[in-house]
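Below is one structure; the comments refer to it alone.
Values reported hereafter were calculated over all heavy atoms of this structure, with side chains retained and with hydrogens, waters and symmetry mates removed.
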There are 2 protein chains.
Amino acid sequence: MDERQALSSFAALSQERRLAIVRALVVAGPEGLAAGVIAERMGVSATNVSFHLKELERSRLISQRRESRSIIYSASYEALADLVKFLMEDCCAGHPIIRKNVEERGGLLCPG
Amino acid sequence: MDERQALSSFAALSQERRLAIVRALVVAGPEGLAAGVIAERMGVSATNVSFHLKELERSRLISQRRESRSIIYSASYEALADLVKFLMEDCCAGHPIIRKNVEERGGLLCPG
DNA sequence: TCAATTATTCAAGGATTGTTGAAACATGGA
DNA sequence: TCCATGTTTCAACAATCCTTGAATAATTGA
């Protein structure tokens with residue numbers, strides 16, 4: 001993941017509603033959720049959700065597919081994983097202290 | 001790390017100049033860098049760097065200390081580690097697929 | 001083809017964020 | 001005390017982002 005992509009991803013996640021959308025889509029899994037379902041769950045207008053979905057898509061954190069009349073969105077696990085990796089390696093310079101901190105704080109990083 | 005903190009951190013990292021500052025401070029280590037040094041390195045005005053440093057501090061990604069006439073900034077490894085952890089666990093719901101993706105992409109996450 | 005459903009695009013306005021130069025503040029040395 | 005150095009604060013303006021309702025587009029079933 002290059003810097004431009006990372007900046008865009010951070011911007012996408014820095015908005016409360018968008019973060020909530022990403023969380024919902026991660027939980028929903030590969031099947032995803034229709035735009036309308038997301039709007040209803042969050043008690044937000046279709047217009048507003050659409051705006052944020054477009055923003056998330058622009059950063060590639062989510063993707064869409066059409067299914068009949070609905071447009072289904074789902075989280076991109078690849079992009080999320082890349083962002084974690086960017087944060088650990090590129091941003092944090094692969095700094096051992098940060099890795100150590102993550103581990104000490106019980107991060108789910110190392111299965112062993 | 002609570003959501004408010006995470007949102008603030010993502011916002012802080014979503015700005016090109018601020019991301020560059022964090023990177024420089026991570027590399028600089030605990031000794032940190034004076035505000036003036038950062039400004040000079042990046043070819044930016046003191047005013048502008050000060051603005052971004054304040055923003056980063058507000059999100060707790062960096063901290064400052066005075067040393068004679070200089071104000072020295074340094075990265076908070078704890079905050080960065082917490083953010084990685086948030087991204088993996090809270091945002092990504094501890095999703096095994098994301099962990100797997102990070103590992104497959106050669107993330108520096110597991111020493112073994 | 002017409003109507004209903006699902007969702008996006010557009011335009012306008014408000015809110016927030018980023019940039020700039022001038023002024024102010026804090027520290028240390030002459 | 002006075003000046004130089006290092007940095008922040010302030011005020012103004014530009015740019016970007018968010019929200020809203022109205023209009024538009026795509027799909028399906030009658």
Side-chain angles (χ1 to χ4, degrees), chain A residues 3-25 28 31-76, chain B residues 3-25 28 31-76:
Chain A
E3 177 174 318
R4 185 170 303 272
Q5 182 82 31
L7 285 168
S8 167
S9 300
F10 286 136
L13 294 178
S14 72
Q15 215 278 344
E16 194 169 0
R17 208 153 285 165
R18 286 197 295 262
L19 183 58
I21 292 174
V22 169
R23 286 172 130 161
L25 291 180
E31 289 177 25
L33 294 172
V37 172
I38 299 172
E40 197 187 10
R41 276 201 196 177
M42 316 209 158
V44 178
S45 73
T47 295
N48 187 263
V49 154
S50 192
F51 169 82
H52 289 304
L53 286 170
K54 198 171 72 173
E55 206 62 19
L56 284 167
E57 223 191 347
R58 231 167 42 84
S59 75
R60 310 203 192 190
L61 288 172
I62 69 174
S63 62
Q64 63 161 217
R65 65 180 194 275
R66 180 175 277 280
E67 212 158 88
S68 176
R69 267 182 289 218
S70 295
I71 296 189
I72 311 283
Y73 287 89
S74 46
S76 165
Chain B
E3 177 175 318
R4 185 170 302 272
Q5 182 82 31
L7 286 167
S8 168
S9 301
F10 287 137
L13 293 177
S14 72
Q15 215 277 346
E16 194 169 1
R17 204 105 74 197
R18 286 197 294 262
L19 182 58
I21 292 174
V22 169
R23 285 171 132 160
L25 290 180
E31 288 176 26
L33 294 173
V37 172
I38 299 172
E40 196 188 11
R41 277 202 195 174
M42 315 208 160
V44 178
S45 73
T47 294
N48 187 263
V49 154
S50 191
F51 169 81
H52 288 305
L53 286 170
K54 198 170 73 173
E55 206 62 18
L56 285 167
E57 224 193 344
R58 230 166 45 83
S59 76
R60 312 206 191 186
L61 288 171
I62 69 175
S63 61
Q64 65 161 217
R65 65 180 193 275
R66 180 175 277 279
E67 212 159 88
S68 176
R69 266 181 291 219
S70 295
I71 296 189
I72 312 285
Y73 287 88
S74 46
S76 164

Mind listing the N/O atom pairs, protein and nucleotides 26-29 of chain D, below 3.5 Å?
from, atom 1, to, atom 2, distance (Å)
D/dT28, O2, A/Arg69, NH1, 3.4

Legend entry - A/Gln64 vs A/Leu53 side-chain heavy atoms within contact, under 4.5 Å: no
Inset, instruction - For A/Arg66 and A/Ser68, indicate whether the former's side chain and the latter's backbone hold a donor-acceptor pair under 3.5 Å. - result: yes
Legend entry - Start and end of the DNA chain C segment that chain B contacts, any atom under 4.0 Å from a heavy atom: C/dG18 to C/dG28
Legend entry - Under-4.0 Å salt bridge between A/Arg58 and A/Glu55: yes
Legend entry - d(CZ, B/Arg17; P, D/dT16) in whole Å: 14 Å
Inset, instruction - Please list residues of residues 51-64 of chain A whose heavy atoms come under 4.0 Å from any atom in DNA chain D, ordered by number; otherwise none. - result: A/Phe51, A/His52
Inset, instruction - Using a heavy-atom cut-off of under 4.0 Å over every strand shown, decide if A/Ala39 touches base, sugar-phosphate, or nothing. - result: nothing
Inset, instruction - Over all heavy atoms of both residues, which pair between A/Glu16 and B/Leu7 is shortest? Give the atoms and the distance, please. - result: N-CD2, 3.7 Å
Legend entry - Main-chain N/O of B/Thr47 paired to B/Ser50 side chain as donor or acceptor, under 3.5 Å: no
Inset, instruction - Determine whether more than 12 heavy atoms belonging to other residues, nucleotides or ligands lie under 6.0 Å from atom CZ of A/Arg23. - result: yes
Inset, instruction - Could you tell me whether the side chain of B/Ser74 reaches within less than 4.5 Å of the side chain of B/Arg65, counting heavy atoms only? - result: yes
Inset, instruction - Work out which heavy atom in A/Ser9 is nearest to a heavy atom in A/Leu61; give both atom names and the distance. - result: O-CD1, 4.0 Å
Inset, instruction - Would you mind classifying the nucleic acid contact of A/Ser70 as base, sugar-phosphate or nothing, using non-hydrogen atoms under 4.0 angstrom? - result: sugar-phosphate
Legend entry - Residue whose nearest DNA chain D nucleotide is more 5′ - B/Ile72 or A/Gln15: B/Ile72
Legend entry - Side-chain heavy-atom pair A/Asn48, A/Arg17 within 4.5 angstrom cut-off: yes
Inset, instruction - Flag the pair A/Leu19 / B/Glu3 as yes when at least one side-chain heavy-atom distance between them is below 4.5 Å, and no otherwise. - result: yes
Legend entry - Sugar-phosphate, base or nothing in reach of B/Ala46, heavy atoms under 4.0 Å: base
Inset, instruction - Begin from the C-alpha positions of B/Arg41 and B/Leu33 and carry the test side-chain contact (heavy atoms from CB on, under 4.5 Å) through to its verdict. - result: CA-CA 10 Å; B/Arg41 277 202 195 174; B/Leu33 294 173; 3.8 Å; yes
